[in-house]
**Student:** 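One structure is given below, represented as structure tokens, and several questions about it will come after.
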Amino acid sequence: MAQNKANTADQSKLMEKIVSLAKRRGFIFQSSEIYGGLNGCWDYGPLGVEMLNNVKQQWWRSMTFRENVEGLDASILMHPRVWEASGHVENFTDPMVDCKQCKARYRLDVLFEETSLKKKKEILRELFPGEYDGQVKDEKVVESFEKYVSQDSNIPRIVPMLACPNCGNKGTFTDARKFNLMFKTFVGPVEDSSNVVYLRPETAQGIFVNFLNVQSASRQKIPFGIAQIGKAFRNEINTKNFLFRTREFEQMEMQFFVKPGTDVQHFDYWRSERMQWFVDLGMRKERLQWHQHPKDKLAHYAKDAYDIEYEFPFGWGEIEGVHNRTNFDLSRHEEFSGKTMKYFDEETKEKYTPFVIETSAGASRSFMAFLVDSYREEEAPTAEGGMEVRTVLKLHPSLAPTKIAVFPLVNRDGMPEIARSIEADLRRNFRVFYDDSGAVGRRYRRQDEVGTPYCITVDSETLQNKTVTVRDRDSMQQERIAINRLKEYFALKLL
RNA sequence: GCGGGAGUAACUCAGUUGGUAGAGUCACAGCCUUCCAAGCUGUUGGUCGCGGGUUCGAGUCCCGUCUCCCGCUCCA
């Protein structure tokens, strides 16, 4: 226990160090910082936006550089009926109560679930004197109870009759409060209920409603997928853990439309594809795991659901969900819009509503996982022969915000001029950083801290034979490369 | 939402019984430097999270509030 506590404190320190580095070097700033910040909102600084763009670009390539996946960018505001069809208007509302005695908080539906059969019967008898006397079948009790609590207007009556499962006190609950996790706003200048719109809580619906548009425009046949990257918004009760739970975040989603009956096979395929993506971009395998949602806790739309979890300093957290959404969404949109969402298979002459395999990654969460995973403090030798701590982001080169740094070893003998010309030349293809201040060792360390994979140094030998040193971030080894071969060298390493 | 901790320069922190804010790092300018961060000189930079109160006087005491971290709760 003591060890656990110390460990938690260390992990918390680690997270603080990463947050501090992220701010100091321009990855992440708190939103509206000069006004005291806005809870759960963060800004990406110069290096942060480069890295985030790299994450998104890698995802986009891995998805749309395929014959059977098309891209899409749907608008954030959508017709309000979309969210009725998707179930978000209804299901995003979780009434909750707090126990005034012991401060425990419950979701009302969970509280009802935990109420014993005997207690339910008692409550029904009290509510409807005479109707439930004597022998009553268990199923009928459960059914009547559920029917009663499904009416919102009955809630204020029933809550005071329940006892707190934690402290056992009765009548200590606050009134039920509803939390709708969708941000609501208004179209046009008049704020009334007839022109309510929502900020999308997920990007997926933009894909579903465009399913047939994309299919016919791109002449795709099932199975095929639609990929989209975009912002989504949830009015979370609590924000937490840096970028992990925020009210505004970015999703990278791909919905893959398949023939019913083939969904399990595609589900397995995409699960392995998505896990491999994180591994291929350098994330440590031992920090990744699958979490399968228990069947009885599945969301209203899902048949099967797995999350890819990353082990953050604060514990395991979901960075991507791979879900079998069945034909729920398309069917619902067909029902609510009155437009067909069915696909006609020319080969088999069948007409059906496709099943959907969803891969839904958090761009912001993935960003944070890559950042955390790459952060290392290593022992490194100093010029004096001692050892000291070297802070380095071991980012995969394709994710690193800066690819190459260029230094003149000293600021004379024409070295700066040569270094500048190398910089200008490489800048056409790569994000390059030029630095001539302080000792060269210090410049290397500055680049280590932001994950720059390669540093070029112009030295006195350059003046003799037109070669420079290229220093590798991870091994700190150098090799001599001819200036006129640099482009080719980095094309091989970085493209 | 509850409980605990915290908020002082860009970063890490000090600041005595209440007396008008300081260090190191960073940054910038110059000097010096021939390969793995902290050599020299100078300079910039602070509404002490914000608001109110007590006081002759508040970074310091009191109240409120915001934000961050930890735990609980929550996470269709």
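The sequence lines fix the lettering, A, B, ..., with proteins before strands; numbering per chain opens at 1. In this text, all values refer to a predicted model and were calculated from it rather than measured experimentally. Just so you know, these numbers use all the heavy atoms, side chains as well, and skip hydrogens, waters and symmetry mates.
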**Student:** Nearest to the side chain of A/Asn411 - B/U33, B/C35, B/C74?
**Tutor:**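 Of the options given, the side chain of A/Asn411 lies nearest B/U33.
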**Student:** A/Glu16 CD to B/C11 C1': how many Å, rounded?
**Tutor:** 13 Å
**Student:** Say we look at B/U8 and B/G15: how far apart would their C1' atoms be, to the nearest angstrom?
**Tutor:**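 Taking atom C1' in both B/U8 and B/G15, they lie 9 Å apart.
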**Student:** Taking atom types as modelled, is there a side-chain donor on A/Thr326 or A/Asn324 under 3.5 Å from an acceptor on the other?
**Tutor:** no
**Student:** Is A/Lys23 close enough to B/C11 that one of its side-chain N or O atoms is under 4.0 Å from OP1 or OP2 there?
**Tutor:** yes
**Student:** When you measure from the centre of the six-membered ring of A/Phe336, is the NZ or CZ of A/Arg81 closer than 6.0 Å and no more than 45° off the axis?
**Tutor:** no
**Student:** Can you name the side-chain hydrogen bond (donor to acceptor under 3.5 Å, both in side chains) partners of A/Thr353, sequence neighbours left out?
**Tutor:** none
**Student:** Over how many whole Å does the gap from A/Phe244 atom CZ to B/C74 atom C1' extend?
**Tutor:** 13 Å
**Student:** Could you tell me the separation between the CZ atom of A/Arg443 and the P atom of B/U33, rounded to a whole number of Å?
**Tutor:**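 Nearest whole value for this atom pair: 14 Å.
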**Student:** Base, sugar-phosphate, or nothing: which does A/Phe242 touch, judged by heavy atoms less than 4.0 Å apart?
**Tutor:**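 Sugar-phosphate, no base atom in range.
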**Student:** When you check the side-chain N and O atoms of A/Gln292 and A/Asp304, is any donor under 3.5 Å from an acceptor?
**Tutor:**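 A pair is found: one side chain offers a donor N or O, the other an acceptor, under 3.5 Å apart.
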**Student:** Considering just the side-chain nitrogens and oxygens of A/Asn241, establish if one lies under 4.0 Å of OP1 or OP2 belonging to B/C70.
**Tutor:** yes
**Student:** In dot-bracket, 5' to 3', how would RNA chain B read with Watson-Crick or G-U wobble pairs under 3.5 Å, [ ] for crossing ones and | for pairs to another strand?
**Tutor:** (((((((..((((.....[..)))).(((((.......))))).....(((((..]....))))))))))))....
**Student:** Provide the distance between the two C1' atoms, one in B/U47 and one in B/U43, to the nearest whole Å.
**Tutor:** 23 Å
**Student:** Output every pair passing salt bridge (charged side-chain N to carboxylate O under 4.0 Å, His left out) with a member in residues 405-422 of chain A, not counting sequence neighbours, ordered by first then second residue.
**Tutor:** A/Arg420-A/Glu423
**Student:** B/U44 and B/A27: how far apart are their C1' atoms, nearest whole angstrom?
**Tutor:** 8 Å
**Student:** Using the test ring-ring contact (aromatic ring centres under 6.0 Å, His included), find all partners of A/Phe367 that sit at least two apart in sequence or belong to another chain.
**Tutor:**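 Here the qualifying residues are A/Tyr44.
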**Student:** Pick the nucleotide of RNA chain B nearest each of A/Ser460 and A/Gln30; which residue has the one closer to the 5' end?
**Tutor:**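 Whichever sits nearer the 5' end wins; that is A/Ser460.
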**Student:** Test of understanding: with side-chain contact (heavy atoms from CB on, under 4.5 Å), list the residues that count as partners of A/Ser374, not counting sequence neighbours.
**Tutor:** A/Leu393, A/Leu395
**Student:** Holding to side-chain contact (heavy atoms from CB on, under 4.5 Å), I want the full list of residues that pass it with A/Thr203, two or more places apart in sequence or in another chain.
**Tutor:**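 Once residues adjacent in sequence are excluded, the partners of A/Thr203 under the side-chain contact (heavy atoms from CB on, under 4.5 Å) criterion are A/Arg200, A/Gln228, A/Gln251, A/Glu253.
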**Student:** OP1, OP2 of B/C11 versus side-chain N and O of A/Arg25: anything below 4.0 Å?
**Tutor:** no
**Student:** Using the six-membered ring of A/Tyr444, assess whether NZ or CZ of A/Arg471 lies under 6.0 Å from its centre and within 45 degrees of the ring axis.
**Tutor:** yes
**Student:** Mind checking the C1' distance from B/G51 to B/G59? Whole angstroms is fine.
**Tutor:** 16 Å
**Student:** Choosing from B/C35, B/A76, B/C69, which nucleotide comes nearest the side chain of A/Gln478?
**Tutor:** B/C35
**Student:** Can you tell me, in whole Å, how much space there is between the P of B/U60 and that of B/C50?
**Tutor:** 11 Å
**Student:** In whole angstrom, what separates A/Ile18's CD1 from B/U12's P?
**Tutor:** 14 Å
**Student:** Do A/Thr469 and B/C35 share a donor-acceptor pair, side chain to base, under 3.5 Å?
**Tutor:**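 Pair found.
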**Student:** B/U34, B/U12, B/C35: which one has an atom nearest the side-chain heavy atoms of A/Arg412?
**Tutor:** B/U34
**Student:** With sequence neighbours excluded, what pairs up with A/Ala439 under the side-chain contact (heavy atoms from CB on, under 4.5 Å) test?
**Tutor:** none
**Student:** Once you round it to whole Å, what is the distance between P of B/C36 and CD of A/Glu449?
**Tutor:**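 Rounded to whole Å, this separation is 19 Å.
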**Student:** What contact category does A/Ser20 fall into here, base, sugar-phosphate, or nothing, at under 4.0 angstrom with non-hydrogen atoms?
**Tutor:**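 Sugar-phosphate contact only - A/Ser20 comes under 4.0 Å of backbone atoms but never of a base.
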**Student:** Measuring only the P atom in each nucleotide, how far is B/C2 from B/G64? A whole number of Å is fine.
**Tutor:**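 Taking atom P in both B/C2 and B/G64, they lie 12 Å apart.
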**Student:** With sequence neighbours left out, write down each residue that passes side-chain contact (heavy atoms from CB on, under 4.5 Å) with A/Asn465, or none if nothing qualifies.
**Tutor:** A/Glu461, A/Thr467
**Student:** Which nucleotide, B/U34, B/C36, B/C35, lies nearest any side-chain atom of A/Met476?
**Tutor:** B/C36
**Student:** Tell me: CD of A/Glu33 to C1' of B/A9, nearest whole Å?
**Tutor:** 13 Å
**Student:** Please measure how far the P atom in B/C61 lies from the corresponding atom in B/A6, and state the result in whole Å.
**Tutor:**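 Approximately 11 Å lies between the P atom of B/C61 and that of B/A6.
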**Student:** So, A/Trp42 versus A/Phe29, ring centres under 6.0 angstrom or not?
**Tutor:** no
**Student:** Pairs in or reaching into residues 29-40 of chain A: which pass salt bridge (charged side-chain N to carboxylate O under 4.0 Å, His left out), with residues at least two apart or in two chains?
**Tutor:** A/Lys23-A/Glu33
**Student:** A/Arg247 CZ to B/C66 P: how many Å, rounded?
**Tutor:** 12 Å
**Student:** What string of B, S and - do you get for nucleotides 24-29 of chain B, 5' to 3', if B is base contact, S is sugar-phosphate-only contact and - is no contact with any protein heavy atom under 4.0 Å?
**Tutor:** --SS--
**Student:** Suppose you measure atom P in B/C48 against the same atom in B/C72; what distance do you get, rounded to whole Å?
**Tutor:**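 Going atom to atom, P in each nucleotide, I get 36 Å.
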**Student:** Roughly how many Å is it from CD in A/Gln447 to P in B/C35, rounded to a whole number?
**Tutor:** 19 Å
**Student:** Please list, by residue number, the residues of residues 37-44 of chain A whose heavy atoms come closer than 4.0 Å to an atom of RNA chain B; answer none if no residue qualifies.
**Tutor:** A/Gly37, A/Asn39, A/Gly40
**Student:** Could you note down all residue pairs passing salt bridge (charged side-chain N to carboxylate O under 4.0 Å, His left out) where residues 308-322 of chain A supplies at least one of them, sequence neighbours left out?
**Tutor:** A/Arg274-A/Glu320
**Student:** Looking only at side-chain atoms of A/Arg445, point me to the closest of B/U67, B/A37, B/U12.
**Tutor:**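 Side chain of A/Arg445 sits closest to B/A37.
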